[in-house]
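The sequence lines fix the lettering, A, B, ..., with proteins before strands; numbering per chain opens at 1. Quick caveat: nothing in here was measured; it's all calculated off a predicted structure.
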There are 2 protein chains.
Amino acid sequence: MSDDLEVHGRTTYRHGDLRGALLAAGVEMAREGGPAAVVLREATRRAGVSPNAAYRHFADRDALLQAVSDACLGLVADRIETELDAHPATGDTVADARMQLRAVGLGYIAFAREEPGLFRTAFSVPDNLQSAAEPRKAGIRGRTPFQLVGSALDALVAAGVLPPERRQNAEFLAWAAVHGLGMLVIDGPLRGLDDHMIAFATDRLLDMVDRGL
Amino acid sequence: MSDDLEVHGRTTYRHGDLRGALLAAGVEMAREGGPAAVVLREATRRAGVSPNAAYRHFADRDALLQAVSDACLGLVADRIETELDAHPATGDTVADARMQLRAVGLGYIAFAREEPGLFRTAFSVPDNLQSAAEPRKAGIRGRTPFQLVGSALDALVAAGVLPPERRQNAEFLAWAAVHGLGMLVIDGPLRGLDDHMIAFATDRLLDMVDRGL
DNA sequence: TCGCCCATGTGTACACTGTCCACAACAGCA
DNA sequence: TGCTGTTGTGGACAGTGTACACATGGGCGA
């Protein structure tokens, strides 16, 4: 019996961090097959535990999916932060603010292309305004994608590019545009276009946002 | 035995239009619970037929979902056509062209709000450029949503509002923006906002497209 | 008109899923 | 040391997709 446990790298009756293990397994399955591939029993199998053990940590399969989805949103945030780092400030306040919003969009689309399964999973669960800024949806630096868009818009206002009266709710517009492109790129009509065309479309979309906000 | 058949409105061994019945049942289930609610066995139950009968008309559950999704896209097109009818031409070519694109967006968002389940289902299945204009995704007037956006953009070019060099691939930008807003409204951060706020956000988004295209 | 064929629907069966219930083990505290 | 509440197990059940063999009878050729 204790042999069985050790097979799965477990020497004690207790797992230690089953919740974490299930979450990690869920993310891995989501990566491979999107939200539908997040299967509770399979997660317990990968964690080396009986199916019902999951119910000590998640109310039901939906709760697991919700947690996986939140983790995916955090990964989106991380990818955006990476893109922000790749475009460091130059000192030109106006150009920097513009680039900041652009970087958010680029990171968003890049994540959609690099991890379509995680991207789909991130947005497969109903959300709302209240929870859009909850810490469990945040990346490693503690900011959610929604907050990252907001910061970029604040910078645009501070730089005098975006008139303050247009700031309110502007994240919805920017987000909608970029999010829509992301969806179209991974399993909408734009699926299968080559990198060059995607990059071109992204560029034009960001121009549109920049000009039209 | 023949009694059983008659219970489901069937007097013959053959159903007559099982494919159509399964499709209709699928759409109904999608309306109530989105793509996940499209259950093959339940569809056959509603059609008064044994589960395996479905396999004479659809290769598997995914093929049924694909067909349901196509039908939903047709309904999106119908809703857009309705909105177009609600904004008849005035003779002012420029204003009419602008309004045409606006109507497409309004119809799109309206459908998302009125039929969230069908909307989600319409875009739950991978798509691509080739199939975006296939007749089975068309509405009652034979045009797909993708084609309706295209027509509106053509009108903008004809009216001299949109420079021809910006016409290419412009449907991607317009579509992405509106599609993104649709997603955010039904189960993104904008979910639960009241009608007034949604209308306001839609208006501003369409302004952005109009200005930024 | 008869008889056959094959498209269409049925029955049975299997693997897999989510989830409920009663039970077992054991970590940590009294 | 012994109790207790938390965590994991085992068995069971309904529901799903789908494969295989079989039944039915509508409509065609003879």
**Student:** Choose from C/dT17, D/dT18, D/dG8 the nucleotide whose nearest atom is closest to any side-chain atom of A/R45.
**Tutor:**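 Among C/dT17, D/dT18, D/dG8, the one nearest the side chain of A/R45 is C/dT17.
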**Student:** Would you say the side chain of B/R61 and the base of D/dG17 hold a donor-acceptor pair, judged only by whether the two atoms sit under 3.5 Å apart?
**Tutor:**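 A donor-acceptor contact between them is absent.
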**Student:** Would you call B/R141-B/D78 a salt bridge at under 4.0 Å N-O?
**Tutor:**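 A salt bridge is absent here (no side-chain N lies under 4.0 Å from a carboxylate O).
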**Student:** Using 0.5 Å steps for rounding, measure from the CD atom of A/E32 to the CG atom of A/L118.
**Tutor:**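 Between A/E32 CD and A/L118 CG, I get 10.0 Å after rounding to 0.5 Å.
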**Student:** I'd like to know if the side chain of B/T144 reaches the main chain of B/A138, judged simply by a donor and an acceptor atom lying under 3.5 Å from each other, with no hydrogens or angles considered.
**Tutor:**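 Judged by distance alone, no pair lies under 3.5 Å.
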**Student:** Check each residue of residues 35-43 of chain B for a non-hydrogen atom within less than 4.0 Å of any atom in DNA chain D, then write out the ones that pass by number, or none.
**Tutor:**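 When residues 35-43 of chain B is checked for heavy atoms under 4.0 Å from DNA chain D, the hits, listed by number, are B/V39, B/L40, B/R41.
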**Student:** Could you check which of C/dG9, D/dT18, D/dG8 has an atom nearest any side-chain atom of B/Y55?
**Tutor:**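 Of the options given, the side chain of B/Y55 lies nearest D/dT18.
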**Student:** Do A/L181 and A/L190 make a side-chain contact, defined as non-hydrogen atoms from C-beta onward lying under 4.5 Å apart?
**Tutor:**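 A/L181 vs A/L190: side chains touch.
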**Student:** Tell me every residue that passes salt bridge (charged side-chain N to carboxylate O under 4.0 Å, His left out) with A/D195, counting only those two or more places apart in sequence or in another chain.
**Tutor:**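 Only A/R113 meet the salt bridge (charged side-chain N to carboxylate O under 4.0 Å, His left out) criterion with A/D195.
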**Student:** By nearest nucleotide on DNA chain C, pick out whichever of A/R56 and A/P51 is the more 5' one.
**Tutor:**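 Its nucleotide being nearer the 5' end, the pick is A/P51.
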**Student:** Would the base of D/dG11 count as contacting A/N52 through its side chain, where contact means a donor and an acceptor less than 3.5 Å apart?
**Tutor:**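 Per atom types, the contact qualifies.
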**Student:** Grab the CG-P distance between B/D60 and D/dT16 for me, whole Å please.
**Tutor:**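 Computing the B/D60:CG to D/dT16:P distance gives 17 Å.
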**Student:** Mind calculating the distance between CG (A/D62) and P (C/dT17) to the nearest angstrom?
**Tutor:**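 Rounded to the whole Å, the gap is 17 Å.
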**Student:** Any salt bridge linking A/D210 with A/R98? Criterion: basic side-chain nitrogen under 4.0 Å from a carboxylate oxygen.
**Tutor:**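 Judged by the 4.0 Å cut-off on N to carboxylate O distance, A/D210 and A/R98 do form a salt bridge.
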**Student:** Side chain of A/R14, heavy atoms from C-beta onward: which of C/dT19, C/dG9, D/dT7 has the nearest atom to it?
**Tutor:**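 Of the options given, the side chain of A/R14 lies nearest D/dT7.
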**Student:** If you measure from the Lys or Arg side-chain nitrogens to the Asp or Glu carboxylate oxygens, is any gap between B/R166 and A/D207 under 4.0 Å?
**Tutor:**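 No, B/R166 and A/D207 are not salt-bridged.
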**Student:** For D/dT6 and A/H57 - does any side-chain N or O of the residue sit under 4.0 Å from the phosphate oxygens OP1/OP2?
**Tutor:**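 Negative; the distance criterion is not met.
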**Student:** Judged by each residue's nearest nucleotide on DNA chain C, which is more toward the 5′ side, B/H15 or A/A59?
**Tutor:**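 The answer here is B/H15.
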**Student:** In whole angstrom, give the distance that lies between atom CG of B/L65 and atom P of D/dT18.
**Tutor:**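 Going from CG in B/L65 over to P in D/dT18 covers 11 Å.
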**Student:** Among C/dG9, D/dT9, C/dA7, which is the nearest nucleotide to the side chain of B/L18?
**Tutor:**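 Side chain of B/L18 sits closest to C/dG9.
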**Student:** In whole angstroms, how far is the P atom of C/dT8 from the CZ atom of B/F58?
**Tutor:**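 Those two atoms, CZ and P, are 13 Å apart.
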